[in-house]
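Here the structure is laid out as structure tokens; the discussion comes afterwards.
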Amino acid sequence: MATICCSQLKLNSIPGAGTATISSSKPQTHLRFNPSTFALPSSTYTKLSEPQPLFSSVRTFAPATVANLGPGFDFLGCAVDGLGDYVNLRVDPDVHAGEVSISDISGAGSKLSKNPLWNCAGIAAIAVMKMLHIRSVGLSLSLEKGLPLGSGLGSSAASAAAAAVAVNELFGGPLSASDLVLAGLESEAKVSGYHADNIAPSILGGFVLIRSYDPLELMQLKFPQEKSLYFVLVNPEFEAPTKKMRAALPPEITMSHHVWNCSQAGALVASVLQGDLHGLGKALSSDKIVEPRRAPLIPGMDAVKKAAIKAGAFGCTISGAGPTAVAVTDSEERGREIGERMVEAFSTGGNLKAMAMVKQLDRVGARLVSSVPK
């Protein structure tokens, strides 16, 4: 299915609809999702000379992410601490100059291709090499998948982010964070669709709002440092491929649902900036467009959401395309209790085994872990 982006909504009046007012006796004005026609933006990096590698090898990490956050489909996301993918990258004389080879994939990525043209990490690495005009050395990459595929935790984005940062760091870090997002977005566009709500927070850390896709404009939302925020992530043994879950989305929506989701997204942004967890949780739980279509495809999801709220969570929704459910709370201990109830609900309501984790906000994003000088 063609990629769907909230920034592409176009207002189309259904014939016979006099106004946008919603009532049971009048036809409703609808908003139609149109296929993406975006071209990938260009890098802001303008140097034509090729940088030389400063290190013989580097190791990088990129965190998991929670995309959408309920009403923020394709334009809101945040990074989660303690989960993610690692990339080891080295200069390799056995690899053709200007090319990258994937030597190994370990962890949860046994199904992934080692062909760099069909691998999230490989595509992002190549994109960064093109931006930097790398032609004189070849690179070898190994990927350690800490995130399961199709989990709704930004697995493809974490691989792309870690690889993009690795190539950039190997050559001294000349590219900006926005350039790295563009490289990761090129990977996402080929693998799971043109959406930046995973790749942007994975690279930048914290909460990120995608203000525009054409041109790409990102806004970092600063959650107060002194506030405690915990994500309860419950991942069932069930795969929900992003493309399949995007195919379940409605081709058009009512004006009333559009207005509702916009107001909830606005409330969520305000709550993030104010550190208001109650408001954040309430908005997180209030999507009327995407979650109602995806939840029925995840066995037990409705029961899981109710169990989380009953156990004291401020809010609960599907993380990204699913199947992971995410709830928010203000303490790790309460988060563990909420997680237990959510695991039970997946078992009783969906006949699925599940694992619960309690994690905090990752405020740093993708980063260099270690390096070996030349």
Side-chain angles (χ1 to χ4, degrees), residues 40-45 47 50-51 53-55 57-65 67 77 79 84-91 95 98-103 105 109 112 115-134 137-147 154-206 208 210 216 218 220 362 364-371:
L40 285 166
S42 300
S43 166
T44 58
Y45 185 74
K47 291 185 179 180
E50 176 185 357
L54 297 187
F55 306 101
S57 67
V58 295
R59 178 175 171 82
T60 56
F61 170 80
T65 47
D85 289 358
Y86 287 90
V87 159
N88 294 290
L89 184 74
R90 62 185 177 89
V91 176
V95 177
E99 296 182 3
V100 62
S101 171
I102 298 178
S103 59
I105 301 175
L112 295 176
N115 183 336
L117 298 177
W118 295 99
N119 181 284
C120 306
I123 296 169
I126 291 169
V128 174
M129 292 177 74
K130 287 182 178 178
M131 288 180 183
L132 296 176
H133 313 291
I134 303 302
V137 297
L139 305 178
S140 181
L141 180 154
S142 65
L143 173 63
E144 298 174 21
K145 288 295 299 177
L147 295 172
S155 179
S156 61
S159 297
V165 169
V167 176
N168 191 46
E169 291 293 338
L170 191 77
F171 292 93
L175 296 182
S176 67
S178 60
D179 284 331
L180 297 179
V181 171
L182 288 176
L185 191 54
E186 186 167 334
S187 172
E188 290 285 82
K190 292 180 180 179
V191 175
S192 63
Y194 191 99
H195 57 96
D197 48 346
N198 288 115
I199 189 66
S202 189
I203 287 176
L204 298 171
V208 178
I210 293 88
L216 183 67
L218 308 174
Q220 291 183 271
D362 184 307
V364 179
R367 60 262 201 186
L368 179 68
V369 175
S370 62
S371 59

* To do: Start with the C-alpha gap between M131 and V167, add the side-chain angles, then the distance that decides, and say whether side-chain contact (heavy atoms from CB on, under 4.5 Å) holds.
  => CA-CA 11 Å; M131 288 180 183; V167 176; over 6 Å; no
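- Side-chain contact between L132 and P174 is present, with heavy atoms from C-beta onward closer than 4.5 Å.
- Residues forming a salt bridge (charged side-chain N to carboxylate O under 4.0 Å, His left out) with E99 (at least two apart in sequence, or on another chain): none.
- When side chains are defined from C-beta on, N88 does not count as touching R90, because their heavy atoms never get closer than 4.5 Å.
- Closest approach of A183 to A164, counting heavy atoms only: CB-CB, 4.4 Å.
- Residues L218 and I210 are in side-chain contact: their nearest non-hydrogen atoms beyond the backbone lie under 4.5 Å apart.
- Minimum interatomic distance between A366 and A62 (heavy atoms only, all atoms of both residues): CB-CB, 3.9 Å.
- Distance check, rounded to the nearest 0.5 Å: CG of N198 to OG1 of T65 gives 3.5 Å.
- Nearest heavy-atom pair, A200 versus V181, reported as atom, atom and distance to 0.1 Å: CA-CG2, 4.1 Å.
- We find the CD-CG distance between E169 and L368 to be 5.0 Å, quoted to the nearest 0.5 Å.
- Taking every heavy atom of both residues into account, E186 and A127 meet most closely at OE1-CB, 3.8 Å.
- Here the OG-CG distance, from S187 to N119, works out to 7.5 Å after rounding to the nearest 0.5 Å.
- Between the side chain of D85 and the main chain of A158, no donor-acceptor pair closer than 3.5 Å is present.
- Side-chain N or O atoms of T60 include one that pairs as donor or acceptor with a backbone N or O of A162 at under 3.5 Å.
- The two residues K145 and S155 come nearest to each other via the heavy atoms NZ-OG, 2.6 Å.
- A donor-acceptor pair is defined here as one N or O able to donate and one able to accept, closer than 3.5 Å; such a pair exists between the side chain of S103 and the backbone of L141.
- Nearest heavy-atom pair across G154 and L147 is O-CD1, 4.1 Å.
- Using a 4.5 Å heavy-atom threshold, the side chains of I203 and S178 count as separate.
- With values rounded to the nearest 0.5 angstrom, I105 atom CD1 is found 5.0 Å from L112 atom CG.
- Distance check: F171 CZ to L89 CG gives 8.0 Å after rounding to the nearest 0.5 Å.
- Side-chain N or O atoms of S202 include one that pairs as donor or acceptor with a backbone N or O of P63 at under 3.5 Å.
- When side chains are defined from C-beta on, L139 does not count as touching V95, because their heavy atoms never get closer than 4.5 Å.
- One finds the CD1 atom of I123 at 8.0 Å from the CH2 atom of W118 (value rounded to the nearest 0.5 Å).
- Between I126 and L117 there is a side-chain heavy-atom pair separated by less than 4.5 Å.
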